[in-house]
There are 2 protein chains.
Amino acid sequence: MNHPYDIDATRLPDISTFEGSLAQRVYQSIKQAILALDFPPGANLRKAPICAQLGVSRAPVADAITRLAAEGLVDVVPQSGTRVSYFSMDEIREGAFLREALELATVAKVARDLTEDQRKKLSRNVRLQELLIEDEDIAGFYHADEEFHALLMAFTGMLRLPDVAQTVSLQVSRARMLLLPTPGRIAETLAEHRAIFDAISAHDERAAQDAMRHHLGQLMPRIERLQQERPQLFNLNPQNTREAG
Amino acid sequence: MNHPYDIDATRLPDISTFEGSLAQRVYQSIKQAILALDFPPGANLRKAPICAQLGVSRAPVADAITRLAAEGLVDVVPQSGTRVSYFSMDEIREGAFLREALELATVAKVARDLTEDQRKKLSRNVRLQELLIEDEDIAGFYHADEEFHALLMAFTGMLRLPDVAQTVSLQVSRARMLLLPTPGRIAETLAEHRAIFDAISAHDERAAQDAMRHHLGQLMPRIERLQQERPQLFNLNPQNTREAG
DNA sequence: ACTATCATACTAACATGCTAGTTGACAACA
DNA sequence: TGTTGTCAACTAGCATGTTAGTATGATAGT
């Protein structure tokens with residue numbers, strides 16, 4: 001009933017880019033296309049063109065789609081078809097909530113247990129962020145930003161934590177792709193990162209959590225503005241179904 | 001090198017117990033057998049007996065195993081076999097950490113937004129717990145305990161939260177099956193639940209979090225004692241591999 | 001013109017055959 | 001007896017044929 005347009009399979013990254021089994025590589029290829037919005041919300045995810053483009057049979061593609069459905073990136077309609085899921089403010093809000101829960105637990109633990117070596121690595125990352133802003137390297141700053149949060153999670157010693165955090169906030173990451181980074185926002189982000197870093201360095205759990213909460217709190221209002229501007233990407237009529245594990 | 005004994009497929013719950021696609025039902029059947037320790041850690045998960053027992057072909061079974069591997073309940077060795085994963089203190093600790101992060105965020109939000117209707121439902125659950133203890137209905141109390149936490153998560157309005165919380169702490173749930181509930185521990189648990197309930201009713205975020213943290217903190221020491229008693233269930237030599245999403 | 005009915009062309013789900021790689025046992029040998 | 005090489009049996013991964021259910025568009029009826 002909505003936009004039954006098909007995906008453009010040629011936008012799939014080649015599977016030789018990735019490693020692992022065929023199914024694993026197909027999964028990563030499709031996932032990247034969805035997260036980069038090369039496969040827009042609502043698009044029909046047809047198996048045949050994907051098989052043709054990637055040069056594989058239907059089995060690994062079906063396997064990949066099963067995993068994507070479990071993560072909520074696609075909606076499978078039995079015996080009918082598979083579509084890239086629309087944005088849903090409910091799901092995005094939930095992803096942000098889960099993400100915040102994990103980030104707060106992370107900074108608390110890191111503020112408690114920070115070693116001198118870890119402090120140096122964080123400090124280096126923050127100073128790198130300064131440099132990249134001076135050079136107006138937006139993409140570089142985006143990458144350093146991701147690394148800042150990844151470092152914190154790595155310091156907890158929890159191996160699966162980065163993966164879990166990424167999975168629960170997939171919808172948030174996808175929506176974030178649509179937000180244009182302005183110089184003003186980037187400068188603010190740096191200041192927020194620095195506040196987090198300072199609180200952690202001082203081993204001040206509570207201050208670190210407050211700083212992180214403030215930092216993460218900047219995102220949702222911007223996404224909500226996005227919904228006003230591009231409502232066609234969102235599912236206003238929530239006919240989505242999701243199975244329980 | 002370890003115990004290459006096979007699973008006893010007859011312990012699989014019949015798939016007519018569940019609903020959804022064949023693959024979905026096979027997944028739930030195997031998952032239940034693993035969590036109930038009917039399939040013990042290290043056991044060889046052979047496809048053929050599973051297909052025979054459940055009366056399905058290999059396709060839905062393979063699909064189910066893919067999902068179980070993603071959740072870390074089984075370890076797939078390519079071109080060799082699939083085994084039920086051993087307990088790992090690292091993974092259990094991580095699961096407890098993630099679970100605590102989510103539960104703390106949950107009680108904070110619920111303490112903030114609690115409605116009178118929700119308060120009544122919680123109160124009813126706590127009083128039910130009292131009754132079940134009086135009747136010495138251990139299984140009933142276990143169930144009410146689960147429901148207590150499920151209610152809190154439901155009250156946040158986050159639809160996926162219960163599922164995420166369950167998934168990240170699957171290993172903890174499995175290990176918990178081995179802990180024998182003593183009357184003393186059950187009485188303590190009730191007191192802890194009541195403390196959480198009181199703090200939430202008073203809309204005291206911090207007290208609710210402290211109470212929840214104390215409550216969840218009781219579990220890990222008991223599991224660590226378990227490791228001393230039954231080390232054969234744990235992977236002392238961590239040769240586990242897990243792919244990143 | 002507008003609606004109800006039905007046939008056709010799609011799809012996911014499932015079954016099954018094939019391939020290649022790992023493992024473990026056994027034999028040949030030191 | 002201890003070690004190494006070979007082989008057979010088993011596995012997951014992959015390809016492909018089959019089935020059944022859904023949606024769409026043509027057609028017939030009003």
Side-chain angles (χ1 to χ4, degrees), chain A residues 1-7 9 15-16 18-30 42-70 73-85 239-243, chain B residues 1-7 9 15-16 18-30 39 42-70 73-85 239 241-243:
Chain A
M1 67 182 284
N2 271 315
H3 311 256
Y5 54 84
D6 291 350
I7 57 165
I15 55 173
S16 60
F18 308 103
E19 54 188 10
S21 68
L22 265 187
Q24 173 76 4
R25 284 183 279 169
V26 171
Y27 162 77
Q28 294 196 45
S29 177
I30 300 177
N44 212 346
L45 202 69
R46 296 181 57 237
K47 274 209 190 83
I50 295 175
C51 295
Q53 173 69 26
L54 299 181
V56 300
S57 78
R58 285 152 24 208
V61 175
D63 198 286
I65 288 180
T66 299
R67 297 183 58 181
L68 292 167
L73 285 179
V74 302
D75 293 323
V76 177
V77 183
Q79 268 70 31
S80 170
T82 301
R83 273 167 286 282
V84 178
S85 63
Q239 70 276 11
N240 290 14
T241 56
R242 189 95 62 250
E243 80 292 330
Chain B
M1 67 183 283
N2 271 314
H3 310 258
Y5 54 85
D6 291 351
I7 57 165
I15 55 174
S16 60
F18 308 103
E19 54 187 9
S21 67
L22 266 186
Q24 173 76 6
R25 283 183 279 170
V26 171
Y27 161 77
Q28 294 196 44
S29 177
I30 299 176
F39 290 179
N44 213 347
L45 201 69
R46 295 182 57 239
K47 274 210 190 82
I50 295 175
C51 294
Q53 173 70 24
L54 299 181
V56 300
S57 77
R58 287 156 20 211
V61 175
D63 199 284
I65 288 180
T66 299
R67 297 183 57 182
L68 293 167
L73 284 179
V74 302
D75 293 323
V76 177
V77 183
Q79 267 70 33
S80 170
T82 301
R83 272 165 287 281
V84 179
S85 64
Q239 72 277 12
T241 55
R242 187 97 60 252
E243 81 292 331

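Numbered from 1 within each chain, the chains take letters A, B, ... in sequence-line order. Given the structure is predicted, the values throughout are model-derived calculations rather than measurements.
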Engineer: Calculate the interatomic distance between B/D63 atom CG and C/dA12 atom P; express it in whole Å.
Structural biologist: 14 Å
Engineer: Are any of the side-chain heavy atoms of A/D6 and A/P49 separated by less than 4.5 Å?
Structural biologist: no
Engineer: Please report the distance, rounded to the nearest Å, between CD1 in A/I50 and P in C/dT11.
Structural biologist: 11 Å
Engineer: Is the closest side-chain donor-acceptor distance between A/Q28 and A/R67 under 3.5 Å?
Structural biologist: no
Engineer: May I have the distance from B/I15 (atom CD1) to C/dC14 (atom C1'), rounded to whole angstrom?
Structural biologist: 12 Å
Engineer: Report the residues that fulfil side-chain contact (heavy atoms from CB on, under 4.5 Å) with B/P78, sequence neighbours left out, ordered by chain and then residue number.
Structural biologist: none
Engineer: Indicate yes or no for a side-chain donor-acceptor contact from B/T82 to the backbone of B/V76 under 3.5 Å, with no hydrogens or angles considered.
Structural biologist: no
Engineer: Answer whether the closest heavy-atom distance between the side chains of B/Y27 and B/D63 falls below 4.5 Å.
Structural biologist: no
Engineer: Indicate yes or no: at least one non-hydrogen side-chain atom of A/I15 is less than 4.5 angstrom from one of A/V56.
Structural biologist: yes
Engineer: Give the rounded distance in Å between these two atoms: CG of B/L45 and P of D/dT11.
Structural biologist: 11 Å
Engineer: Could I get a table of every N or O pair under 3.5 Å where one atom is in the protein and the other is in nucleotides 17-21 of chain C?
Structural biologist:
unit_1, atom_1, unit_2, atom_2, d
C/dG17, O6, B/R58, NH2, 2.4
C/dG21, N2, B/Q79, O, 3.1

Engineer: Under the side-chain hydrogen bond (donor to acceptor under 3.5 Å, both in side chains) definition, can you give me all pairs with a residue in residues 46-55 of chain A, not counting sequence neighbours?
Structural biologist: none
Engineer: For A/Q24 and D/dA12, what is the distance between atoms CD and P respectively, to the nearest whole Å?
Structural biologist: 17 Å
Engineer: Expressed as a whole number of angstroms, how long is the span from B/L54:CG to C/dC14:P?
Structural biologist: 13 Å
Engineer: Measure from CG on B/D75 to P on C/dT23 and round the result to the nearest Å.
Structural biologist: 14 Å
Engineer: Relative to the 5' end of DNA chain D, which residue comes earlier, A/G20 or A/V77, by the nucleotide with the nearest heavy atom?
Structural biologist: A/G20
Engineer: Quick one: A/N44 CG to C/dC10 P, roughly how many Å, whole number?
Structural biologist: 13 Å
Engineer: Which nucleotide sits closest to the side chain of B/A59: D/dA12, C/dA15, D/dG13?
Structural biologist: C/dA15
Engineer: Indicate whether OP1 or OP2 belonging to C/dA12 is found under 4.0 Å from a side-chain N or O atom of A/K47.
Structural biologist: yes
Engineer: Mind checking A/A62 for me? I need base, sugar-phosphate or nothing, with any heavy atom below 4.0 Å counting as a touch.
Structural biologist: nothing
Engineer: Is there a side-chain polar atom (N or O) of A/T82 under 4.0 Å from OP1 or OP2 of C/dT11?
Structural biologist: no
Engineer: Of the candidate nucleotides C/dT11, D/dC14, D/dT11, which contains the atom at the shortest distance from the side chain of B/R46?
Structural biologist: D/dT11
